[in-house]
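The first residue of the sequence shown is numbered 1, and numbering continues consecutively from there. Hydrogens, waters and symmetry mates are skipped; everything else that's a heavy atom, side chains included, is used. Counting convention: from 1, in listed order, for ligands and their atoms alike.
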Amino acid sequence: MKLIAIFASGSGSNAQKIIEYFSGSKEIFVDSLWSNNENAYALIRAEKLGIETFTFEQEELYRSNEILDRLIDRRIDMIVLAGFLWLVPRNLTELFTVINIHPALLPKYGGKGMYGLNVHKSVLASKDKESGITIHRVNSNYDEGDIIFQATCPILKGDTPETLAARVHELEYLHYPRVIEEVLLSEEEDDL
Ligand code: GAR
């Protein structure tokens, strides 16, 4: 059994899809959901689905091994970022496989502050004809790890950040759980 810890800062709609996707799996289990934001709706979504939740402060994440030790104790195999706002510190990226989903086609529209609707506003301010999603490995810089998967969707005349976000979210729900599964199971093969 492979164990996932989800990190989320906001609404948690991706977190919910991931939890639901793996709820019947015999190989992969969402162990817990962690948030830097005690008001994150992601916490409520996870609790409703019977997943343990935890919140943490900056101090615990960046200036101690507190979170690292707790993840090791829980035998976590992978950290999945699902709308997580903070940079993941090096002590975690060095020990765990960490993957993220970004609501645009990296390397464009990435970096600090490029989160949620800010991303879609920048995309719409460009002359691009399409947007999409990027699933990538996480290193200790924002949005810079190796790209694992991308999918595109059109930008339509009259799109607002909200309409584009909704289209991109559908792509996220469709692909993120499946890609997480592929990465985890391929790592299992590597371990054999
Ligand atoms: C998602 O669209 C995700 O791609 C994005 O935040 C949203 C969270 O929505 N992540 C980033 O922008 C990371 N830079 P959710 O909380 O409803 O899953």
*Could you give all pairs that pass the salt bridge (charged side-chain N to carboxylate O under 4.0 Å, His left out) test and reach residues 27-48, with sequence neighbours left out?*
D31-R74

*Okay, side chain of Q150, backbone of L106: is any donor-acceptor separation there less than 3.5 Å?*
yes

*So F7 and F84, would you call those rings parallel, tilted or perpendicular, with 30° and 60° as cut-offs?*
perpendicular

*F149 and H175: CA distance, side-chain angles, deciding distance, side-chain contact (heavy atoms from CB on, under 4.5 Å) verdict*: CA-CA 9 Å; F149 177 84; H175 295 291; 3.4 Å; yes

*Any side-chain donor-acceptor pair under 3.5 Å between Y109 and S126?*
yes

*With a 3.5 Å cut-off and no angle check, do the side chains of N37 and S9 form a donor-acceptor pair?*
no

*Using a strict cut-off of under 4.0 Å between a residue heavy atom and any atom of ligand 1, list the qualifying protein residues by chain and number.*
S11, G12, S13, N14, G83, I101, H102, P103, M114, Y115, G116, H169, E172

